[in-house]
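Remarks on the structure that follows.
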Amino acid sequence: MSRLALRVFETHHCPAAILTSLHINITTLSLPQTRQLHAQILRTGLSLDSHFATKLLSLYAHHLRFSEANTLLNSIQNPHVFSFSTLIHAYSKLTRFTEAILLFSRMIISHGLVPDTRLIPSVIKACSGLDNLRIGNQVHGFCVTSGLCQDSFVQSSLVHLYLKCSRLNYAHKVFDKMSHPDVVSCSALVSGYARDGRVNEAKMLFGRMVELGIEPNLVSWNGMVAGFNQSGHCLEAVKVFRNMHLSGFKPDGTTISSVLPSVGELEDLSVGVQIHGYAYKHGVGSDKWVVCALIDMYGKCSSTMEMSQVFYEMSQRDLGACNALISGFARNGLTDDALKAFNRVRSQELKLNVVSWTSIIACCSQHGKDIESLDLFREMQLSGVKPNAVTIPCLLPACGNIAALMHGKATHGFSLRTGISDSVYVGSALIDMYANCGRIHLARICFDRMPVRNIVCWNAIMGGYAMHGNANEVIEIFHSMEKSNQKPDFITFTSLLSACSHSGFTDQGEQFFNKMSKEYGIKPRIEHYACLVTLLGRAGKLNEAYSTIENMPFEPDACVWGALLSSCRVHNNMKLAEVAADKLFELEPNNPGNYVLLSNIYANKGLWKEVDRVRDVMKSMGMKKNPGCSWIEIKNKVHMLLAGDTSHPQMIKIVEKMDNLGMEMKKLGCLPVTSFVLQDVEDQEKEHILCGHSEKLAVVLGLLNTPQGSTLQVIKNLRICGDCHGFIKFVSEFEEREIFVRDTNRFHHFKNGLCSCGDFW
DNA sequence: ATAGGGTTAG
């Protein structure tokens, strides 16, 4: 402000008109000066001319004094569109979109003013910022009828609105009407198609751009690379990166960090290393985004050494990089390194965020550290970091794995309170959790209440029912899935087939197996063949099962032979059992389960010499039977019981109760099934060994510590043993309890002396 | 007066 102007301004009788007529630039006035000027004008008693009022408005907006600006606006007698525009532009620029739109509506409705081409782009921007297509559409409609649509700024902003609201076709329509399509709209549209996975359309438009004489720039290329990367078209992303290089464009940090995730996804280490060198050469090697992406890429390519090296060479600690490091370790199964890295970050000055916590929780729940996972979740909340819609699906499997139903329910409650329970990820994880905790009806309620479902949700509920041996439900859900136009995938058929095998639906199972390739075009995988073998095996069609294995288009794996071996145990088929076992010993020489299964079969027939032979082999290989282990949740605490373990503080009571129950059983004429003991020992001794089975211990512990009539829930790390199965059936009737036992294979739901598996497992 | 891109958790 010139000295003269200031003097004029400071004298008390200076009407605003003088300032304007002097062509004084008042945009630099400070807030007090603005207020002084405003007050001065009011004192003169002159009505504000709208031109000057607009200047004052923009001053207030510039100083973020929106309430004063609004008061001023309201005091203008006949406000001009410009007065409103000034404020609307300001709101829009500050991302205060709601206020921008409200003011816009007031301008039209209360004042009957008509917007011009300058105002529209700001309003459209506010609509896209709010993802508000409804108002956006109205504004678009107005632009069409009023002819404002001819303006290229208006068109450009409309293209962005429709892209933002994922209405690619509308965006394209607007773009096609542009008389002078510009590089910005065109690039945005290309990137939109790429993000949507519409590879060919993206490429064609990119080609047309060149034909139209619009030179693609760095942003155009980057948008395409990032778009393909986001839609998971990794190969395309890398190809575009190459083409860009061939076209003579130098990549920047954005390009590199957009292409690297794709390289990682493809696990193409050599390309990754090349790009690493390339980034270095172009001087973006220490860009923090690039470093993050490099750590991620090396982690995905299983090069944890290189990953750590990049991390430690980083000049400045960055939380994103730390998180990438943690998840890189976790991805490669290095849980201890992940925990170490996590704890190191925790003890440093960097504040962990929701991603850090979620990564480590996922790491634990995916690698058998379920209790740690639950503990970390608590610590996370104590530290004041709020879990989000990703954290919950990472935590829920931990609850399911150890059947920590109370924790699971609490987590469910949390997701309802925070409004994330509608997410398909959260919903599927809840279904899995409840199914794994034996509460299939609660899983069903979650499923039924989902507003949107994807294939994962359908598979989750079907898998749940399959695990519970309820083939009728699985098939029924499969039909409603088809009705709702959801296409099945290979996992759907795994659930269908395993449900049929658990329920003895042999014919239906075979039909589904045949249909999956013929009608649904899904090639059976090896796990489907394993289900088929179990299906036939259960029905006693052991020879058919065997020929299925011989004729399948894959090299049979341990699952397939294991399925045959289990069936041989049920039907006492020694000959095929030995064939299957031989294959298993070849494929998994160090898996004690196979040896145990075979020796059980021998023991069942009283072939103790053979039993000894198997035991000797195990011994000579230094192999031990995996210790049986069961879990039970009592009053929010998860108890772990090992087979033969007498260290539990309530052991005396447990043994007493067990003896009592054993006597009651004998009174009713139920004898223990001693063939489930490995060793050839006297019957009484066998009985003693059976007493120590972990699932029995857990059930009795549950009986002692829970109220009469409440449901018990036990998880076992091995398949349930036949003696325990009989014992628990008895207990369910005698004690009038429902008892759920989840073994490695399926659920056993004991009620009134019967089990849902129909004694087949 | 309008408009463009990137990392880490499922």
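The chains referred to below are lettered A, B, ... by the order of the sequence lines, with proteins before strands, and numbering in each begins at 1.
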So, OP1 or OP2 of [N]: does either fall under 4.0 Å of a side-chain N or O from [X]?
{"X": "A:Lys125", "N": "B:dA3", "value": "yes"}
{"X": "A:Gln230", "N": "B:dG6", "value": "yes"}
{"X": "A:Asn229", "N": "B:dT7", "value": "yes"}
{"X": "A:Arg331", "N": "B:dA9", "value": "yes"}

Under 4.0 angstrom, heavy atoms only, what part of the nucleic acid is [X] near: base, sugar-phosphate, or nothing?
{"X": "A:Gly223", "value": "nothing"}
{"X": "A:Ala226", "value": "sugar-phosphate"}
{"X": "A:Ala330", "value": "nothing"}
{"X": "A:Asn353", "value": "nothing"}

- Query: Which nucleotide sits closest to the side chain of A:Ser327: B:dA9, B:dA3, B:dG10?
  - Reply: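 When the side chain of A:Ser327 is considered, B:dA9 is the closest of B:dA9, B:dA3, B:dG10.
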- Item | Distance (rounded to the nearest 0.5 Å) between A:Glu372 CD and A:Cys364 SG |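 Here the rounded value is 6.0 Å.
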Base [N] to side chain [X], donor-acceptor N/O within 3.5 Å cut-off:
{"X": "A:Asn217", "N": "B:dG4", "answer": "yes"}
{"X": "A:Asp287", "N": "B:dG6", "answer": "yes"}
{"X": "A:Asp116", "N": "B:dA1", "answer": "no"}
{"X": "A:Thr254", "N": "B:dG5", "answer": "yes"}

- Message: Could you check, using the six-membered ring where one of them is a Trp, whether A:Phe342 and A:Phe329 have ring centers closer than 6.0 angstrom?
- Response: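 Here the rings of A:Phe329 and A:Phe342 have centres that are no less than 6.0 Å from each other.
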- Query: What's the CE-C1' distance between A:Met209 and B:dA3, to the nearest Å?
  - Reply: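 Roughly 13 Å, once rounded to whole Å.
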- Candidates A:Phe241, A:Phe228, A:Phe206 - the one meeting ring-ring contact (aromatic ring centres under 6.0 Å, His included) with A:Trp221: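 Running ring-ring contact (aromatic ring centres under 6.0 Å, His included) over A:Phe241, A:Phe228, A:Phe206 with A:Trp221 returns exactly one hit, A:Phe206.
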- Side-chain H-bond candidate by donor/acceptor type, A:Ser356 with A:Asn353, under 3.5 Å: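 Note: A:Ser356 and A:Asn353 side chains meet the donor-acceptor criterion.
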